[in-house]
Amino acid sequence: FRSTRSTSGWSGRGGRCRNPYALDRNPCGSSSGSGVAVSANLCALAVGTETDGSVVCPSSANGVVGVVPTVGLVSRAGIIPNSHPQDTAGPRARSVGDAAALLTALAGVDPRDEATASAGDHRADYTEALDSGSLEGARIGVAREMAGFHPAVDALFEDALTEMKRQGAEIVDPADVPHRKELSDPEYQVLLYEFKAGLNAYLATLGPDAPVKTLEEAIAFNEANRERSMPFFGQEIFLEAQEKGPLTTPDYLEALETCRRLSRGEGLDAVLDEHRLDALVAPTGAPAWTTDLVNGDHFLGGSSTVAAVSGYPSLTVPMGLAFGLPVGISFVGRAWSESRLIGLAFAFEQATQHRQPPRFLPTAELDRQS
């Protein structure tokens with residue numbers, strides 16, 4: 001959330017993070033490192049943070065499980081903010097079972113984050129949801145409009161739907177989310193306002209010796225240290241955010257109300273209620289692209305935005321390989337439906353066993369479609 005040409009996985013302090021399946025490919029972002037670390041067996045568990053796609057995209061691209069809980073189930077205290085309505089921390093693991101165990105430990109009330117005030121009413125031992133028969137009798141909606149961005153991914157998605165049906169699920173196809181395409185602009189406006197306000201508030205807690213105390217000072221620091229902090233891309237989004245007013249600005253309030261209305265009551269809640277669904281499914285994203293420090297990331301498509309804007313839970317689990325590169329399938333549900341999503345994803349994982357460990361190849365196997 002700095003430049004219109006950002007390269008995911010790149011850090012001015014740490015250098016470039018690589019995808020362990022093909023080292024010239026991108027790990028996606030923005031929580032690149034935690035996704036790669038779990039995938040490459042550097043750790044068993046990790047925590048990512050998501051505003052829109054930052055947990056699920058690296059999880060999909062690096063062949064691991066990623067859980068994005070309902071906003072308010074897991075504390076954001078200590079996390080550098082991007083957007084209060086959308087930010088959340090979430091587990092990363094190589095299996096749904098491990099992710100469920102970590103979520104059980106993370107969930108709960110934290111007085112430092114008022115969004116968690118009702119978390120105690122909803123948290124659970126999520127390992128109790130690990131039932132390989134969870135797909136039996138489940139009603140699964142197919143978010144068709146969120147697919148169609150890559151033929152190899154579409155083929156894996158069709159195989160996944162066939163397997164879920166074989167496991168006893170009732171597939172409702174299509175079950176598209178109303179107003180999904182209308183969320184992009186109001187979400188971006190909310191993020192710009194929220195980023196400035198949130199970052200300024202966060203930096204103010206670091207004390208008088210902090211090298212930067214505001215977004216404006218961060219922008220100035222980047223300019224003064226351009227060779228180290230911005231050798232490949234700039235800070236156009238920082239500059240846009242800096243121009244925004246406070247969170248009392250009418251344009252911000254209107255955009256926030258639009259996001260909540262279109263993503264929840266007229267969006268996810270509407271389609272889930274209409275078809276009496278346990279969850280929606282969609283491809284999480286495309287196979288990892290080659291890292292391009294000149295032009296930046298080139299996303300082909302993804303399915304994170306509706307869940308992210310609504311603050312509802314989603315979970316991605318490996319769906320297979322395309323050209324030797326992993327891709328995931330996302331399960332999206334109602335607020336506080338983590339246990340149900342974990343059960344469905346676990347049943348799919350156990351039936352398919354799609355995850356294969358990375359081999360740290362120098363490049364993708366372009367002669368191999370699966």
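Just so you know, these numbers use all the heavy atoms, side chains as well, and skip hydrogens, waters and symmetry mates. As the structure is a prediction and not an experimental result, all values here were calculated from the model.
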**Prompt:** Under 3.5 Å, side chain of T104 to main-chain N/O of A100, donor-acceptor pair present?
**Reply:** yes

Quiz item: Taking 4.0 angstrom as the limit, do R144 and E158 come out as a salt bridge?
Solution: yes

**Asked** Where the side chain of E50 meets the backbone of V68, is there a donor-acceptor pair that is under 3.5 Å apart?
**Response** no

- Message: Counting C-beta onward and ignoring hydrogens, is there a side-chain heavy-atom pair between L344 and I140 closer than 4.5 Å?
- Response: yes

Nearest heavy-atom approach of A218 to Q235 is O-OE1, 4.4 Å

Students should find that the hydrophobic cluster of W289, defined by side-chain heavy atoms under 4.5 Å apart, otherwise consists of F299

(message) Do E349 and S95 pair up side chain to side chain, a donor and an acceptor below 3.5 Å, judged on atom types alone?
(response) no

Sequence neighbours excluded, the answer for ring pair (Phe, Tyr, Trp, His ring centres under 6.0 Å) partners of W336 is H122

- Query: Is there a chain of hydrophobic side chains (I, L, V, M, F, W, Y, each step under 4.5 Å between heavy atoms) that links V142 to F331?
  - Reply: yes

Contacts satisfying disulfide (SG to SG under 2.5 Å) that involve residues 34-91 (not counting sequence neighbours) are C28-C57

Item checked: Derivation and outcome, ring pair (Phe, Tyr, Trp, His ring centres under 6.0 Å), residues F238 and F195 -> CA-CA 9 Å; F238 274 22; F195 179 71; 5.3 Å; yes

- Message: Testing the 3.5 Å rule here: is there a donor-acceptor pair between the side chains of H179 and R261?
- Response: no

Would you confirm whether D176, through its side chain, and E145, through its main-chain N or O, come within 3.5 Å as a donor-acceptor pair?
-> yes

For a quick check under 3.5 Å, do S34 and R92 share a side-chain donor-acceptor pair by atom type? yes

The side-chain contact (heavy atoms from CB on, under 4.5 Å) partner of D24 among L361, T291, N19, T363 is T363

Is it the case that D125 and T127 place a side-chain donor and acceptor less than 3.5 Å from each other? yes

If we ignore angles and hydrogens, is there a donor and acceptor under 3.5 Å between the side chains of S30 and S54?
yes

Q) Got a sec: does the CD of E216 have more than 12 other heavy atoms crowding it under 6.0 Å? A) no

### Donor + acceptor pair across side chains of T284, T316 (<3.5 Å)
yes

Can you tell me if Q86 uses its side chain to pair, donor with acceptor, with the backbone of T51 under 3.5 Å? yes

Donor on one side chain, acceptor on other, R18 and N26, under 3.5 Å = no

Of R139, K165, R276, the one forming a salt bridge (Lys or Arg N to Asp or Glu O under 4.0 Å) with E170 is R139

* Does a donor on one side chain sit under 3.5 Å from an acceptor on the other, for D110 and T116? -> no

- Query: Given side chains that start at C-beta, do those of L192 and F1 come closer than 4.5 Å, heavy atoms only?
  - Reply: yes

Minimal heavy-atom distance between V36 and C17, with the atoms involved, is CG2-SG, 3.6 Å

### Message
If we count only N and O atoms by modelled type, under 3.5 Å, do the side chains of Y21 and Q356 hold a donor and an acceptor together?
### Response
no

Checklist entry - CD of Q353: more than 12 outside heavy atoms within 6.0 angstrom? => result yes

